[in-house]
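To keep things clear, I will list the structure first and then write my remarks on it.
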Amino acid sequence: MARLAECFDLQVNGAAGVSFNGDALTADSLHSCCEAIAASGTEGFLATIITADLDAMVARIRRLVELRRQDPLARAMIAGLHIEGPFISPVDGYRGAHPLPAVRPADLAAAGRLIDAGDGLVSLFTLAPEQDAGQAVTRWLADQGILVAAGHTDADLDTLHAAVDAGLSVFTHLGNGCPAQMPRHDNILQRVLSLDSLRWVTLIADGVHLPPFVLGNCLRTLGLDRAVIVSDAMQAAGLGPGRYTLHGFDVLVGDDLAAWAPDRSHLLGSARLLGDCGDTLRSIGLSDTAIGQLTAVNPRRAMGLLS
(Lines give C-alpha, C1' and ligand atoms only; values in the text may rest on other atoms or scores of the structure.)
Protein backbone atom coordinates (compact mmCIF):
# COMPACT_ATOMS: atom_id res chain seq x y z
CA MET A 1 0.00 0.00 0.00
CA ALA A 2 1.65 3.23 -1.19
CA ARG A 3 1.27 6.07 1.23
CA LEU A 4 0.10 9.47 0.11
CA ALA A 5 2.36 12.50 0.38
CA GLU A 6 1.98 16.19 1.22
CA CYS A 7 -1.33 15.58 3.04
CA PHE A 8 -2.95 18.21 5.23
CA ASP A 9 -5.48 16.81 7.72
CA LEU A 10 -8.23 18.95 9.26
CA GLN A 11 -9.19 16.36 11.91
CA VAL A 12 -6.67 14.45 14.03
CA ASN A 13 -7.58 13.39 17.58
CA GLY A 14 -4.26 11.65 18.16
CA ALA A 15 -2.09 8.80 16.88
CA ALA A 16 0.56 6.26 17.90
CA GLY A 17 -0.98 5.72 21.32
CA VAL A 18 -1.18 9.45 22.05
CA SER A 19 -4.46 11.32 22.56
CA PHE A 20 -5.01 15.05 22.44
CA ASN A 21 -8.17 14.44 24.49
CA GLY A 22 -6.70 12.89 27.59
CA ASP A 23 -4.96 14.52 30.51
CA ALA A 24 -1.64 12.72 30.15
CA LEU A 25 -0.20 14.58 27.15
CA THR A 26 3.51 15.35 27.62
CA ALA A 27 6.18 17.04 25.53
CA ASP A 28 7.66 13.64 24.64
CA SER A 29 4.33 12.06 23.72
CA LEU A 30 3.31 15.03 21.56
CA HIS A 31 6.65 14.89 19.76
CA SER A 32 6.39 11.15 19.10
CA CYS A 33 2.82 11.58 17.87
CA CYS A 34 3.89 14.28 15.43
CA GLU A 35 6.75 12.07 14.23
CA ALA A 36 4.32 9.23 13.48
CA ILE A 37 1.92 11.52 11.63
CA ALA A 38 4.75 13.05 9.60
CA ALA A 39 6.06 9.59 8.69
CA SER A 40 2.62 8.71 7.31
CA GLY A 41 2.81 11.42 4.64
CA THR A 42 0.96 14.22 6.44
CA GLU A 43 2.79 17.54 6.45
CA GLY A 44 0.37 19.47 8.65
CA PHE A 45 -2.82 18.97 10.61
CA LEU A 46 -5.38 20.44 12.96
CA ALA A 47 -5.19 18.86 16.42
CA THR A 48 -8.78 18.10 17.40
CA ILE A 49 -10.26 18.54 20.87
CA ILE A 50 -13.65 16.88 21.31
CA THR A 51 -16.56 17.22 23.72
CA ALA A 52 -15.80 16.98 27.42
CA ASP A 53 -16.55 18.95 30.55
CA LEU A 54 -15.86 22.57 29.62
CA ASP A 55 -13.11 22.97 32.22
CA ALA A 56 -11.43 19.82 30.93
CA MET A 57 -11.62 21.05 27.33
CA VAL A 58 -10.09 24.39 28.31
CA ALA A 59 -7.27 22.69 30.21
CA ARG A 60 -6.54 20.30 27.33
CA ILE A 61 -6.45 23.13 24.82
CA ARG A 62 -4.10 25.16 27.00
CA ARG A 63 -1.83 22.16 27.56
CA LEU A 64 -1.66 21.41 23.86
CA VAL A 65 -0.92 25.03 22.99
CA GLU A 66 1.88 25.21 25.55
CA LEU A 67 3.49 21.91 24.52
CA ARG A 68 3.30 22.89 20.86
CA ARG A 69 5.06 26.16 21.67
CA GLN A 70 7.98 24.23 23.19
CA ASP A 71 8.60 21.83 20.29
CA PRO A 72 9.78 22.87 16.80
CA LEU A 73 8.34 19.72 15.18
CA ALA A 74 4.95 20.23 16.84
CA ARG A 75 4.93 23.88 15.73
CA ALA A 76 5.69 22.81 12.17
CA MET A 77 3.10 20.03 12.11
CA ILE A 78 0.19 21.47 14.11
CA ALA A 79 -1.17 24.30 11.99
CA GLY A 80 -4.06 24.98 14.34
CA LEU A 81 -6.79 23.48 16.48
CA HIS A 82 -10.16 22.00 15.57
CA ILE A 83 -12.71 22.12 18.39
CA GLU A 84 -15.44 19.52 17.84
CA GLY A 85 -18.18 20.07 20.40
CA PRO A 86 -19.48 20.50 23.01
CA PHE A 87 -22.30 22.37 21.19
CA ILE A 88 -23.55 19.31 19.31
CA SER A 89 -26.76 17.31 19.16
CA PRO A 90 -27.54 15.36 22.36
CA VAL A 91 -29.56 12.82 20.36
CA ASP A 92 -28.19 9.28 20.20
CA GLY A 93 -26.61 8.60 16.84
CA TYR A 94 -26.08 12.24 15.96
CA ARG A 95 -23.99 12.65 19.11
CA GLY A 96 -21.67 9.81 18.03
CA ALA A 97 -19.10 8.84 20.65
CA HIS A 98 -19.19 12.24 22.38
CA PRO A 99 -20.18 11.95 26.06
CA LEU A 100 -23.79 12.99 26.67
CA PRO A 101 -23.25 14.68 30.08
CA ALA A 102 -20.85 17.16 28.48
CA VAL A 103 -23.03 18.10 25.50
CA ARG A 104 -24.58 21.56 25.87
CA PRO A 105 -26.30 24.31 23.88
CA ALA A 106 -24.01 26.90 22.34
CA ASP A 107 -23.39 30.08 24.28
CA LEU A 108 -20.98 32.93 23.76
CA ALA A 109 -19.38 32.74 27.19
CA ALA A 110 -18.42 29.08 26.82
CA ALA A 111 -17.28 29.61 23.23
CA GLY A 112 -15.16 32.53 24.37
CA ARG A 113 -13.42 30.40 27.00
CA LEU A 114 -12.52 27.77 24.41
CA ILE A 115 -11.25 30.29 21.89
CA ASP A 116 -9.25 32.19 24.50
CA ALA A 117 -7.61 28.96 25.65
CA GLY A 118 -6.45 28.38 22.08
CA ASP A 119 -4.40 31.59 22.11
CA GLY A 120 -5.08 32.32 18.43
CA LEU A 121 -4.68 28.72 17.22
CA VAL A 122 -8.34 27.70 16.90
CA SER A 123 -8.93 27.41 13.16
CA LEU A 124 -12.04 25.23 12.87
CA PHE A 125 -15.03 24.84 15.20
CA THR A 126 -17.69 22.14 14.72
CA LEU A 127 -21.13 22.60 16.24
CA ALA A 128 -24.75 21.63 15.60
CA PRO A 129 -26.66 24.62 14.18
CA GLU A 130 -29.84 23.59 16.01
CA GLN A 131 -27.90 24.00 19.28
CA ASP A 132 -26.95 27.59 18.43
CA ALA A 133 -29.95 29.84 19.12
CA GLY A 134 -30.18 32.57 16.52
CA GLN A 135 -26.82 31.36 15.17
CA ALA A 136 -25.17 33.79 17.59
CA VAL A 137 -22.08 31.65 18.23
CA THR A 138 -21.69 30.79 14.55
CA ARG A 139 -21.76 34.48 13.65
CA TRP A 140 -19.32 35.39 16.44
CA LEU A 141 -16.84 32.65 15.48
CA ALA A 142 -16.98 33.57 11.80
CA ASP A 143 -16.34 37.21 12.73
CA GLN A 144 -13.13 36.03 14.46
CA GLY A 145 -11.95 34.48 11.19
CA ILE A 146 -12.59 30.94 12.43
CA LEU A 147 -14.00 28.35 10.02
CA VAL A 148 -17.36 27.22 11.39
CA ALA A 149 -18.55 23.70 10.59
CA ALA A 150 -21.79 21.87 11.18
CA GLY A 151 -21.44 18.34 12.48
CA HIS A 152 -23.07 15.84 14.82
CA THR A 153 -26.30 17.53 13.84
CA ASP A 154 -29.82 16.90 12.61
CA ALA A 155 -30.45 20.51 11.65
CA ASP A 156 -33.35 20.96 9.25
CA LEU A 157 -32.81 22.70 5.93
CA ASP A 158 -34.04 26.10 7.11
CA THR A 159 -31.64 26.01 10.06
CA LEU A 160 -28.75 25.00 7.82
CA HIS A 161 -29.51 27.89 5.47
CA ALA A 162 -29.65 30.28 8.44
CA ALA A 163 -26.30 28.95 9.68
CA VAL A 164 -24.70 29.46 6.24
CA ASP A 165 -26.04 33.02 6.21
CA ALA A 166 -24.42 33.52 9.63
CA GLY A 167 -21.01 32.29 8.43
CA LEU A 168 -21.11 28.48 8.42
CA SER A 169 -18.83 27.25 5.63
CA VAL A 170 -17.94 23.60 6.40
CA PHE A 171 -19.65 20.33 7.18
CA THR A 172 -17.70 17.85 9.30
CA HIS A 173 -17.40 14.17 8.23
CA LEU A 174 -20.61 13.87 6.21
CA GLY A 175 -22.27 10.48 6.63
CA ASN A 176 -20.89 10.03 10.13
CA GLY A 177 -22.03 11.48 13.43
CA CYS A 178 -25.53 10.34 12.48
CA PRO A 179 -27.69 7.28 13.21
CA ALA A 180 -27.48 4.04 11.27
CA GLN A 181 -31.14 4.51 10.30
CA MET A 182 -32.75 7.81 9.29
CA PRO A 183 -35.74 8.99 7.22
CA ARG A 184 -35.09 7.86 3.67
CA HIS A 185 -35.60 11.25 2.00
CA ASP A 186 -35.36 14.17 4.41
CA ASN A 187 -32.17 13.40 6.29
CA ILE A 188 -28.94 15.21 7.12
CA LEU A 189 -27.01 13.66 4.22
CA GLN A 190 -29.53 14.77 1.61
CA ARG A 191 -29.88 18.23 3.16
CA VAL A 192 -26.13 18.84 3.10
CA LEU A 193 -25.72 17.52 -0.44
CA SER A 194 -28.43 19.95 -1.54
CA LEU A 195 -26.57 22.97 -0.11
CA ASP A 196 -24.53 24.42 -2.96
CA SER A 197 -23.82 27.42 -0.71
CA LEU A 198 -21.78 25.28 1.70
CA ARG A 199 -18.15 25.81 0.66
CA TRP A 200 -16.49 22.68 2.07
CA VAL A 201 -17.63 19.20 3.09
CA THR A 202 -15.23 16.79 4.78
CA LEU A 203 -15.38 13.02 4.36
CA ILE A 204 -13.55 10.16 6.09
CA ALA A 205 -11.91 7.83 3.56
CA ASP A 206 -10.71 4.95 5.69
CA GLY A 207 -13.08 2.56 3.90
CA VAL A 208 -15.06 1.95 7.08
CA HIS A 209 -16.72 5.18 8.14
CA LEU A 210 -18.16 5.42 4.63
CA PRO A 211 -18.40 2.39 2.33
CA PRO A 212 -16.32 3.22 -0.75
CA PHE A 213 -19.35 3.38 -3.05
CA VAL A 214 -21.02 5.90 -0.69
CA LEU A 215 -17.82 7.95 -0.62
CA GLY A 216 -17.85 7.90 -4.41
CA ASN A 217 -21.48 9.01 -4.53
CA CYS A 218 -20.74 11.92 -2.22
CA LEU A 219 -17.72 13.02 -4.23
CA ARG A 220 -19.62 12.89 -7.50
CA THR A 221 -22.38 15.04 -6.01
CA LEU A 222 -20.09 17.54 -4.30
CA GLY A 223 -17.47 17.74 -7.01
CA LEU A 224 -13.75 17.73 -6.37
CA ASP A 225 -13.68 21.48 -5.73
CA ARG A 226 -15.75 21.30 -2.52
CA ALA A 227 -14.69 18.04 -0.87
CA VAL A 228 -11.92 17.51 1.67
CA ILE A 229 -10.71 14.12 2.90
CA VAL A 230 -9.90 13.88 6.62
CA SER A 231 -8.68 10.98 8.73
CA ASP A 232 -10.48 11.54 12.06
CA ALA A 233 -7.49 9.59 13.37
CA MET A 234 -7.47 8.73 17.06
CA GLN A 235 -4.79 7.37 19.36
CA ALA A 236 -4.94 3.81 17.99
CA ALA A 237 -3.91 5.09 14.54
CA GLY A 238 -0.60 3.57 13.58
CA LEU A 239 -0.73 0.79 16.20
CA GLY A 240 -2.24 -1.91 13.97
CA PRO A 241 -4.96 -4.44 14.82
CA GLY A 242 -5.53 -5.28 18.48
CA ARG A 243 -7.46 -4.45 21.61
CA TYR A 244 -6.29 -1.41 23.48
CA THR A 245 -7.11 0.45 26.66
CA LEU A 246 -6.42 4.03 25.80
CA HIS A 247 -7.02 6.83 28.30
CA GLY A 248 -9.71 4.95 30.17
CA PHE A 249 -11.71 3.34 27.38
CA ASP A 250 -11.39 0.14 25.40
CA VAL A 251 -10.84 0.18 21.65
CA LEU A 252 -11.04 -2.82 19.35
CA VAL A 253 -9.08 -2.35 16.10
CA GLY A 254 -9.80 -4.96 13.45
CA ASP A 255 -7.80 -6.05 10.44
CA ASP A 256 -9.57 -3.33 8.45
CA LEU A 257 -8.20 -0.77 10.94
CA ALA A 258 -11.65 0.25 12.08
CA ALA A 259 -11.61 1.52 15.68
CA TRP A 260 -14.70 0.14 17.40
CA ALA A 261 -16.15 0.20 20.87
CA PRO A 262 -15.71 -3.39 22.14
CA ASP A 263 -19.41 -4.19 21.56
CA ARG A 264 -19.10 -2.84 17.98
CA SER A 265 -22.02 -0.51 18.64
CA HIS A 266 -20.18 2.52 17.25
CA LEU A 267 -16.88 3.69 15.82
CA LEU A 268 -14.45 5.65 17.99
CA GLY A 269 -12.65 7.55 15.27
CA SER A 270 -10.27 6.04 12.74
CA ALA A 271 -7.17 3.92 13.26
CA ARG A 272 -5.91 4.91 9.81
CA LEU A 273 -3.89 8.07 9.16
CA LEU A 274 -4.64 10.24 6.16
CA GLY A 275 -1.58 9.11 4.25
CA ASP A 276 -2.90 5.54 4.45
CA CYS A 277 -6.24 6.30 2.75
CA GLY A 278 -4.97 6.18 -0.81
CA ASP A 279 -6.11 2.60 -1.40
CA THR A 280 -9.71 3.51 -0.62
CA LEU A 281 -9.60 6.57 -2.85
CA ARG A 282 -8.01 4.67 -5.73
CA SER A 283 -10.60 1.89 -5.37
CA ILE A 284 -13.33 4.32 -6.45
CA GLY A 285 -11.41 5.30 -9.58
CA LEU A 286 -9.77 8.54 -8.49
CA SER A 287 -6.55 9.60 -10.20
CA ASP A 288 -3.47 10.60 -8.23
CA THR A 289 -4.16 14.21 -9.23
CA ALA A 290 -7.70 14.05 -7.85
CA ILE A 291 -6.48 12.38 -4.65
CA GLY A 292 -3.89 15.11 -4.19
CA GLN A 293 -6.58 17.75 -4.61
CA LEU A 294 -8.74 16.14 -1.92
CA THR A 295 -5.97 15.43 0.61
CA ALA A 296 -3.41 18.18 0.02
CA VAL A 297 -4.76 21.09 -2.02
CA ASN A 298 -8.35 21.53 -0.81
CA PRO A 299 -7.62 21.34 2.93
CA ARG A 300 -4.95 24.00 2.52
CA ARG A 301 -7.38 26.11 0.53
CA ALA A 302 -9.97 25.73 3.27
CA MET A 303 -7.37 26.98 5.74
CA GLY A 304 -6.44 29.93 3.55
CA LEU A 305 -2.94 28.56 2.93
CA LEU A 306 -3.51 28.35 -0.84
CA SER A 307 -5.55 30.59 -3.13
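Residues take their numbers from the sequence shown, with the count starting at 1.
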Closest heavy-atom pair and its distance - [X], [Y]:
X: L222; Y: A227; value: CD1-CB, 4.2 Å
X: A149; Y: L124; value: CB-CD1, 3.9 Å
X: C7; Y: L4; value: SG-CB, 3.6 Å
X: A150; Y: T126; value: C-CG2, 4.1 Å
X: L203; Y: C218; value: CD2-CB, 4.0 Å
X: T153; Y: I188; value: O-CG1, 3.5 Å

Should we say atom CG of D55 is surrounded by more than 12 heavy atoms from elsewhere, each under 6.0 Å from it?
->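 Atom CG in D55 is packed in, count exceeds 12.
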Should the heavy atoms of other residues, nucleotides or ligands under 6.0 Å from CD of E6 be counted, would the total exceed 12?
->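 Not more than 12 within 6.0 Å, no.
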Using modelled atom types only, decide if a donor and an acceptor are shared between the side chain of [X] and the backbone of [Y] within a distance under 3.5 Å.
X: Q131; Y: L127; value: no
X: R226; Y: L198; value: yes
X: D9; Y: S231; value: yes
X: R243; Y: P262; value: no
X: R60; Y: N21; value: yes
X: T42; Y: G44; value: no
X: T221; Y: N217; value: yes
X: S123; Y: L121; value: yes
X: T48; Y: V12; value: yes

Does any non-hydrogen side-chain atom of [Y] lie less than 4.5 Å from one of [X]?
X: R301; Y: S307; result: no
X: Q11; Y: L46; result: no
X: I88; Y: Y94; result: no
X: L286; Y: L294; result: yes
X: F45; Y: I78; result: yes
X: D232; Y: N176; result: no
X: L114; Y: V58; result: yes

Let me see the working for Q293 and D225 under side chain to side chain donor-acceptor pair (under 3.5 Å), right down to the final yes or no.
-> CA-CA 8 Å; Q293 182 171 348; D225 290 337; 3.0 Å; yes
Step by step, would you call D276 with R3 a salt bridge (Lys or Arg N to Asp or Glu O under 4.0 Å)?
-> CA-CA 5 Å; D276 297 324; R3 278 182 153 168; 2.6 Å; yes
Side chain to side chain donor-acceptor pair (under 3.5 Å) between S29 and T26, worked out | CA-CA 5 Å; S29 64; T26 66; 3.1 Å; yes
Report yes or no: do V91 and L189 belong to one cluster of Ile/Leu/Val/Met/Phe/Trp/Tyr joined by side chain heavy-atom distances under 4.5 Å?
->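 Yes; tracing contacts between hydrophobic side chains, which count when under 4.5 Å, links both residues.
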Tell me whether L25 is reachable from I61 by hopping between hydrophobic residues (I, L, V, M, F, W, Y) whose side-chain heavy atoms are closer than 4.5 Å.
-> yes
Passing candidate, salt bridge (Lys or Arg N to Asp or Glu O under 4.0 Å) with E66, options R69, R68, R62 = R69
Report the C-alpha distance between D158 and R191 in whole Å, list the side-chain angles of each, state the deciding distance to 0.1 Å, and finish with yes or no for salt bridge (Lys or Arg N to Asp or Glu O under 4.0 Å).
-> CA-CA 10 Å; D158 287 343; R191 294 172 209 144; over 6 Å; no
Does a donor on one side chain and an acceptor on the other come within less than 3.5 Å for T138 and D132?
->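 Yes, because at least one side-chain N or O of T138 sits under 3.5 Å from a partner of the opposite role on D132.
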Residue pair S89 / D154, side-chain donor-acceptor N/O under 3.5 Å = no
side-chain contact (heavy atoms from CB on, under 4.5 Å) evaluation trace for M303 with L306 = CA-CA 8 Å; M303 289 285 295; L306 288 176; over 6 Å; no
Test ring pair (Phe, Tyr, Trp, His ring centres under 6.0 Å), reference H173, set H152, H209, H82, output is H152
